[in-house]
Amino acid sequence: MSAELMIGTDLAAEMVAKAAERASALQEQYGVQPCLATVLVGDDPASATYVRMKQNRSKKAGIASRSVVLPDSTTTEELVAEITKLSQDPAVHGILLQHPVPPQIDERAAFEAIDPAKDVDGVTMRSFAAMAFGDPGFRSATPGGIMRLLAAYDVPLEGAHAVVIGRSPILGKPAGMLLLASNATVTYAHSRTRDLPELVRTADVVIAAVGKANFVRGDWLKPGAVVVDAGYNEGNVGDVHFAEASEVASLITPVPGGVGPMTIALLLEQTVDAAETAVHSLTGLA
Ligand code: NAP
């Protein structure tokens with residue numbers, strides 16, 4: 001193996017520790033504990049595990065959790081009503097709707113029921129527009145976490161060719177927009193892209209967000225490329241063939257321990273941001 005590992009675990013732990021300090025300061029100064037509400041619809045075991053992980057990490061950061069669990073048969077109207085209640089509840093500072101939701105639900109309508117001031121997972125159109133325009137605002141948690149990891153490893157983005165494989169609204173698309181805001185030259189690839197291996201060979205930075213185990217092969221990569229594997233498939237396997245890619249890349253994220261912890265850390269950091277903003281607007285300190 002020649003590539004250096006871009007490890008998210010330690011950086012994420014630092015971010016969570018800082019968020020915890022800020023949460024404790026809010027509690028001491030204003031008697032307010034930041035609170036993240038999680039909304040889980042249905043009984044998909046993987047989604048339930050992700051929500052539990054987020055709640056456990058919240059606790060470690062001194063962030064309270066509010067858990068809403070709804071049955072698989074929930075309608076869009078019922079889900080929107082639950083999220084609207086959380087949006088209006090002043091004790092809740094951040095709202096996370098676990099993705100994916102059952103197929104009968106209009107996920108966009110549900111995401112848009114989240115008050116943009118509480119959109120700590122960065123899924124609303126408001127947050128999307130902020131990322132596209134380069135405005136301040138909440139980042140989609142996974143792409144935002146990826147950008148922090150690239151910055152921590154001093155990956156030069158200006159003028160670099162970044163190929164983002166995947167264009168989902170929560171991952172691929174916002175990842176490309178954030179890379180563009182850092183002056184990378186961005187190409188999006190997706191299921192209809194032709195000659196994907198050829199295209200990936202032109203990339204200085206590859207973001208794999210496909211949802212297919214071991215999809216990106218070592219011989220697709222330019223020697224020295226920086227490889228970020230956002231994928232998470234059954235058996236702790238990423239979207240990049242790690243053994244092959246780590247022989248060619250200069251930097252690569254492991255799975256697990258790369259992008260995953262950064263996603264949760266950013267979610268918690270943004271929850272504390274939201275709580276601080278709410279407190280400051282109430283106390284006139286904004
Ligand atoms: P998604 O909504 O299913 O999107 C997958 C994307 O991959 C789509 O844009 C699709 O293209 C593209 N794609 C599918 N097959 C392809 C192919 N053969 N060639 C090129 N592109 C192809 O998935 P997602 O929610 O973005 O998640 C992607 C991965 O990231 C999954 O492994 C997921 O578990 C992981 N993930 C990790 C985190 C984390 O915190 N680490 C968070 C979220 C997701 P089309 O648009 O053309 O269909």
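When reading the values below, keep in mind they use all heavy atoms of this one structure, side chains included, and skip hydrogens, waters and symmetry mates. Ligands are counted one by one from 1 in listed order, and the atoms in each one are counted from 1 as well. All residue numbers refer to positions in the sequence shown, counting from 1.
The protein residues lying under 4.0 angstrom from ligand 1, judged by non-hydrogen atoms, are H99, T142, I165, G166, R167, S168, I170, L171, H190, S191, L196, A209, V210, G211, K212, F215, A230, G231, Y232, N233, D239, V259, G260, T263.
Classification of R126 and D119 as a salt-bridged pair fails, no side-chain N sitting under 4.0 Å from a carboxylate O. Note on E14 versus R148: no salt bridge recorded, every NZ/NE/NH1/NH2 to OD/OE distance being 4.0 Å or above. Salt bridge E21/K18: absent, no basic N to carboxylate O contact under 4.0 Å.
Nearest heavy-atom pair, V272 versus R22, reported as atom, atom and distance to 0.1 Å: CG1-CB, 3.7 Å.
Every residue meeting the ring pair (Phe, Tyr, Trp, His ring centres under 6.0 Å) condition with F215, not counting sequence neighbours, appears here in chain and number order: W220.
A donor-acceptor distance shorter than 3.5 angstrom exists from the side chain of S87 to the backbone of A113, with no hydrogens or angles considered.
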